[in-house]
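Remarks on the structure that follows.
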Amino acid sequence: MPNTNAYILGTGRSYPEGVITNADLEKMVETSDEWITTRTGIKQRHKAAGGEYTSLFAVRAARQAIEKARIDASDIDLIICATVTPDQILPATGCLIQAELGAHRAAAFDLVAACSGFLYGLTLANQMIRSDQSRYALVIGAEILTQYVDYTDRGTCVIFGDGAGAAVLGQTTGERGILSSRIRSDGRFAEQLFSPGGGTRLPATAETLSDGMHFFKMRGNELFKVAVRSMTEVSTEVLSEAGYKPEDIKLFVPHQANQRITDAVADRLGVEESKVYSNIAMHGNTSSASIPIALDECVEAGTIKEGDLVLMASFGGGATWGAVLTRW
Ligand code: COA
């Protein structure tokens, strides 16, 4: 019997209408459009309004993915919501999404792997599908990061934006689907990007809030170097495991962290610029949402077509990283 494989049947994306431009940030902190553009490639990022929450955008993205996959929400038996900005501590945002979609047959949960969350989710869903424990899996990356951004800290406030992306995976026995994937982490880098307050270690109090302990703290410079090294290594691993070379890739869709990280990884891998997808100018870094948003944009624009070899790679807080190689 041929091996069962998992492939992406449909994608979707959604983000808030509100936008913060570099010009807006120039009025908030000592920065400039020129600095932000040359150091990050970002021109604007979406920002949720008061009353907008993570699952709102996740559900919109998921509905599109389900429609494009031509299945019914009740066919889904696995929902993985990758997020570091859940609607609330309990229950999982995945369960709230499940209820909203009417996907009552699914097992639903949240996955915390920061910007690598979507690729962690794809990797788990792939294994569930390959082992026949799941037929249709919904993997979502959804974040409202701007609620954890300190708009007096110029080192972080220029980077992050909000949004959600989703993908429905199904079974195939054909020559398509996820060919290889790897996920990795190293907790020794935990303090390169973290939010110290609000958990059990430093519970939320009036004081932790006024001290801004719930905001993201980032050592951008250190993180940059680890991101480039680990994304390059893990991408090389998945390519060689599947028996491909960088020149075989039709499209490289990296996590949109910083244009300079993307450029450095592509350069080290030897992937030519025309094959590297970037939307960071319009969205900033949306953490777990960045890859599924990018995939949906590519499918819609016809940049990804059936049969294309697509490499995805990510790096995020934790530190976490991973890569997935798929035949679309
Ligand atoms: N505007 C103007 N100046 C800024 C600034 C801003 N928004 N942010 C930082 N600076 C200043 C710093 O204060 C520093 O000034 P100093 O030399 O007087 O001390 C100078 O710019 C250089 O800071 P540095 O942190 O070394 O800059 P950088 O070239 O590393 O760029 C980042 C900063 C954050 C853009 C970059 O490190 C980065 O993108 N890192 C990865 C971030 C990331 O991807 N995070 C998510 C991971 S998934």
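In this chain, residues are counted from 1 in sequence order. Atoms within each ligand, like the ligands themselves, are counted from 1 in listed order.
Listed by first and then second residue, the salt bridge (Lys or Arg N to Asp or Glu O under 4.0 Å) pairs that reach into residues 225-238 are Arg182-Glu237, Arg184-Glu237, sequence neighbours excluded.
Of the polar atoms of Ser32, none of the N or O atoms is found under 3.5 Å from an N or O of ligand 1, judged by distance alone. By the 3.5 Å distance cut-off applied to N or O atoms, Thr31 is counted among the residues near ligand 1. Backbone and side-chain nitrogen or oxygen atoms of Gly220 are examined, and one is located within less than 3.5 angstrom of a nitrogen or oxygen of ligand 1. By the 3.5 Å distance cut-off applied to N or O atoms, Asn221 is counted among the residues near ligand 1.
Distance screen at 4.0 Å: atom 16 (P) of ligand 1 has no protein heavy-atom neighbour inside the cut-off. Protein heavy atoms all stay at least 4.0 Å away from atom 20 (C) of ligand 1. Counting protein heavy atoms under 4.0 angstrom from atom 8 (N) of ligand 1 gives one or more. There is no protein heavy atom closer than 4.0 angstrom to atom 32 (C) of ligand 1.
A salt bridge does not link Asp75 with Arg105: none of the charged nitrogens is closer than 4.0 Å to a carboxylate oxygen.
The main-chain N or O of Met128 is found under 3.5 Å from a side-chain atom of Ser131 such that the two form a donor-acceptor pair. A distance-only check finds a donor-acceptor pair linking the side chain of Thr54 to the backbone of Thr85 [under 3.5 Å]. Counting only distance, with no hydrogens or angles, the side chain of Thr93 and the backbone of Asp87 share a donor-acceptor pair below 3.5 Å.
Short contacts between ligand 1 and Arg260, defined as distances under 4.0 Å to a heavy atom of the residue, involve ligand atoms 28 (P), 29 (O), 31 (O). Close contacts of ligand 1 with Thr40, meaning ligand atoms under 4.0 Å from a residue heavy atom, involve 35 (C). Near Leu223, meaning under 4.0 Å from one of its heavy atoms, ligand 1 places the atoms 43 (C), 45 (N), 47 (C). Below 4.0 Å from some heavy atom of Asn285 lie the following atoms of ligand 1, by number and element: 46 (C), 48 (S). For ligand 1, the atoms sitting less than 4.0 Å from at least one non-hydrogen atom of Asn258 are 35 (C), 38 (C), 39 (O), numbered in the order shown with element in parentheses. Of all atoms in ligand 1, numbered sequentially from 1 with element shown, those under 4.0 Å from a heavy atom of His255 are 48 (S). Close approach of ligand 1 to Cys115 is summarised as follows: ligand atoms under 4.0 Å from at least one heavy atom of the residue are 48 (S). Below 4.0 Å from some heavy atom of Phe315 lie the following atoms of ligand 1, by number and element: 48 (S).
Within the model, atoms CD of Gln259 and CZ of Arg39 stand 15.0 Å from one another, a figure rounded to the nearest 0.5 Å. Atom CG in Leu119 sits 4.0 Å away from atom OG in Ser314 (nearest 0.5 Å).
Tyr15 belongs to a hydrophobic cluster whose remaining members, ordered by chain and number, are Ile293; membership requires side-chain heavy atoms of ILVMFWY residues under 4.5 Å apart, directly or through intermediates.
Looking only at atom types and distance, the side chain of Thr83 has a donor-acceptor partner in the side chain of Glu143 under 3.5 Å away.
The nearest heavy-atom contact from the protein to atom 29 (O) of ligand 1 is Arg39 NH1, 2.6 Å. In terms of protein heavy atoms, atom 10 (N) of ligand 1 is closest to Trp35 CZ2, 3.4 Å. Annotation: atom 12 (C) of ligand 1 to nearest protein heavy atom, Arg154 NH2, 3.8 Å.
Of all non-hydrogen atoms in Ala62 and Ile140, the two that sit nearest each other are CB-CD1, 4.2 Å. Across all their heavy atoms, Thr320 and Ala113 have their closest contact at OG1-O, 2.9 Å. Across every non-hydrogen atom of Leu202 and Pro196, the tightest pair is CB-O, 3.6 Å.
Of the heavy atoms in Ala257, both backbone and side-chain atoms come closer than 4.0 Å to ligand 1. The proximity of Val29 to ligand 1, defined as any non-hydrogen pair under 4.0 Å, does not occur for either the backbone or the side chain.
In the displayed structure, Tyr53 atom OH is contacted under 6.0 Å by at most 12 heavy atoms of other residues, nucleotides or ligands.
Following chains of ILVMFWY side-chain contacts shorter than 4.5 Å, one can reach Val59 starting from Tyr136, so the two form part of one hydrophobic cluster.
Heavy atoms of Ile36 stay at 4.0 angstrom or farther from ligand 1.
The residue from Lys225, Gln192, Met218, Glu26 that puts a heavy atom closest to atom 45 (N) of ligand 1 is Met218.
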